[in-house]
Amino acid sequence: MGKYSVLVIDFETTGLSPDNGDRAIEIGAVLIQNNHISDRFQSLINPKMRVSSFIADYTGITNQMLKKAPPADEVMHRFVDFMADHHLVAHNASFDKRFLDSELKRIRASRKQEFACSMLISRRIYPDAPSHSLQSIIQYREIQTNGQFHRALADAEMTALLWINMINDLKATYGLSSVPFELLQKISRMSKSLVPKYLKRVVEERAG
DNA sequence: TGCCAGGCCCTCTTTAGGGCCTT
């Protein structure tokens, strides 16, 4: 695994909580290598339960579409191979982490690598943005979209472009030559006011 | 029938409450 490979993932689900019985209905993932998108994964997932009209309206994914979709165990086994040991990223990662771990547990698999959250990072490096929802922050940074949101691959792709954009902005603002996953993960756990000082110190330490 | 998430973050804070995010 390269130091700079990151897998951005996104789930569409039947609801907000796997602990309350909610299931994944679509998974999308985009691989970033050397700061560019290099591979993609997408599949609908048959949750073996009906989705509410709210979810059908929100995602555009209907019960009819899901009836023909492959079951979760089949999709998740394929995804485990794709996921390999890449670092993981998601927008509001605590949500996707819960569903990933829940679906992995059902196939007796587990995740070894860590997550970073693009929303927590964007709150720190774009503190003046009016909102840090994925759609808002994409518009705020004027990132090109195809207009599709709330589908797994489209949202994973938008999150990947946001991730690349944040790295490029940090390089431009602080003169950093590289911005590895671990640095962004550390920023995401840091108090907002400490981030600029910390990044300046990183630049100084790298200069030796 | 009745239940209905969870983590982060700010503030009128820590003996708490509520908005933001994700579907």
Side-chain angles (χ1 to χ4, degrees), chain A residues 6-30 41-66 69 72 75-76 79 88-106 111 114-141 143 145 147-163 165-166 184-198:
Chain A
V6 165
L7 187 63
V8 182
I9 72 167
D10 186 75
F11 281 101
E12 304 307 314
T13 69
T14 62
L16 291 172
S17 175
D19 289 343
N20 276 1
D22 285 319
R23 297 296 305 273
I25 59 173
E26 187 180 39
I27 182 169
V30 171
F41 181 102
Q42 183 275 334
S43 182
L44 289 173
I45 300 169
N46 185 343
K48 304 285 171 68
M49 60 188 278
R50 290 187 63 78
V51 300
S52 66
S53 57
F54 172 81
I55 293 297
D57 290 344
Y58 186 79
T59 63
I61 298 169
T62 64
N63 285 297
Q64 197 174 19
M65 290 161 69
L66 293 174
V75 175
M76 293 311 294
F79 183 71
L88 297 173
V89 166
H91 202 72
N92 197 10
S94 70
F95 175 85
D96 294 280
K97 186 194 294 182
R98 282 198 301 277
F99 277 95
L100 176 61
D101 290 349
S102 171
E103 295 295 345
L104 288 176
K105 192 175 178 185
R106 288 172 179 271
R111 160 181 65 85
E114 294 190 45
F115 261 96
C117 175
S118 56
M119 186 188 74
L120 294 181
I121 296 163
S122 73
R123 280 179 179 167
R124 284 159 177 76
I125 67 179
Y126 306 127
D128 296 332
S131 157
H132 294 84
S133 72
L134 181 60
Q135 193 160 357
S136 295
I137 205 75
I138 288 290
Q139 286 166 1
Y140 179 76
R141 290 302 300 124
I143 294 168
T145 81
Q148 189 174 40
F149 283 95
H150 309 307
R151 285 298 298 267
L153 185 60
D155 283 4
E157 186 124 7
M158 288 300 105
T159 304
L161 294 178
L162 171 63
W163 185 261
N165 200 274
M166 291 194 296
L184 286 166
Q185 194 183 36
K186 186 161 182 173
I187 287 174
S188 76
R189 294 168 175 158
M190 195 175 286
S191 171
K192 196 190 291 183
S193 61
L194 296 178
V195 170
K197 285 177 197 165
Y198 171 73

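The chains referred to below are lettered A, B, ... by the order of the sequence lines, with proteins before strands, and numbering in each begins at 1. These numbers come from the heavy atoms of this one structure, side chains and all, not from hydrogens, waters or symmetry mates.
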Between [M] and [N] - [atom1] atom distance, rounded Å:
{"N": "dG18(B)", "M": "dT13(B)", "atom1": "P", "answer": "14 Å"}
{"N": "dG2(B)", "M": "dG7(B)", "atom1": "C1'", "answer": "26 Å"}
{"N": "dG6(B)", "M": "dT23(B)", "atom1": "C1'", "answer": "13 Å"}
{"N": "dA5(B)", "M": "dC12(B)", "atom1": "P", "answer": "27 Å"}

Scan [X] against the nucleic acid and name what it touches under 4.0 Å (heavy atoms): base, sugar-phosphate only, or nothing.
{"X": "Asp155(A)", "answer": "sugar-phosphate"}
{"X": "Ser131(A)", "answer": "sugar-phosphate"}
{"X": "Asp22(A)", "answer": "nothing"}

What I'd like to find out is whether the side chain of [X] reaches to under 4.5 Å of the side chain of [Y], using heavy atoms alone.
{"X": "Val6(A)", "Y": "Val8(A)", "result": "yes"}
{"X": "Met166(A)", "Y": "Ser122(A)", "result": "yes"}
{"X": "Arg151(A)", "Y": "Glu26(A)", "result": "yes"}

| request: Determine the interplanar angle of the Phe95(A) and Phe99(A) rings, folded into 0 to 90°, and report it as parallel if under 30°, tilted if 30 to 60°, perpendicular if over 60°. | output: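 Judged by the thresholds at 30° and 60°, the geometry between Phe95(A) and Phe99(A) is tilted.
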| field | Parallel, tilted or perpendicular, as decided by the 30° and 60° cut-offs, for the rings of Phe79(A) and Phe41(A) | value |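 Ring orientation, 0 to 90° scale: perpendicular.
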| request: Identify, between Leu120(A) and Asn20(A), the residue whose nearest nucleotide on DNA chain B lies closer to the 5' end. | output: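 Upstream on the strand: Asn20(A).
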The side chain of [X] is closest to which nucleotide in this list: [options]?
{"X": "Arg124(A)", "options": "dC10(B), dC9(B), dC21(B)", "answer": "dC9(B)"}
{"X": "Leu16(A)", "options": "dT23(B), dC8(B), dC10(B)", "answer": "dT23(B)"}
{"X": "Arg123(A)", "options": "dT23(B), dC9(B), dT22(B)", "answer": "dC9(B)"}

Taking atom [atom2] of [N] as reference, at what distance in whole Å does atom [atom1] of [X] sit?
{"X": "Arg98(A)", "N": "dC8(B)", "atom1": "CZ", "atom2": "C1'", "result": "12 Å"}
{"X": "Phe11(A)", "N": "dC21(B)", "atom1": "CZ", "atom2": "C1'", "result": "17 Å"}
{"X": "Tyr126(A)", "N": "dC20(B)", "atom1": "OH", "atom2": "P", "result": "22 Å"}
{"X": "Phe95(A)", "N": "dC21(B)", "atom1": "CZ", "atom2": "C1'", "result": "10 Å"}
{"X": "Ile27(A)", "N": "dT23(B)", "atom1": "CD1", "atom2": "P", "result": "14 Å"}
{"X": "Arg23(A)", "N": "dC4(B)", "atom1": "CZ", "atom2": "C1'", "result": "18 Å"}
{"X": "His132(A)", "N": "dC10(B)", "atom1": "NE2", "atom2": "C1'", "result": "14 Å"}
{"X": "Phe99(A)", "N": "dG6(B)", "atom1": "CZ", "atom2": "C1'", "result": "11 Å"}

| said: With a 4.0 Å limit, can you tell me whether Ser94(A) has a side-chain N or O closer than that to the phosphate oxygens OP1/OP2 of dC21(B)? | reply: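 Result: no.
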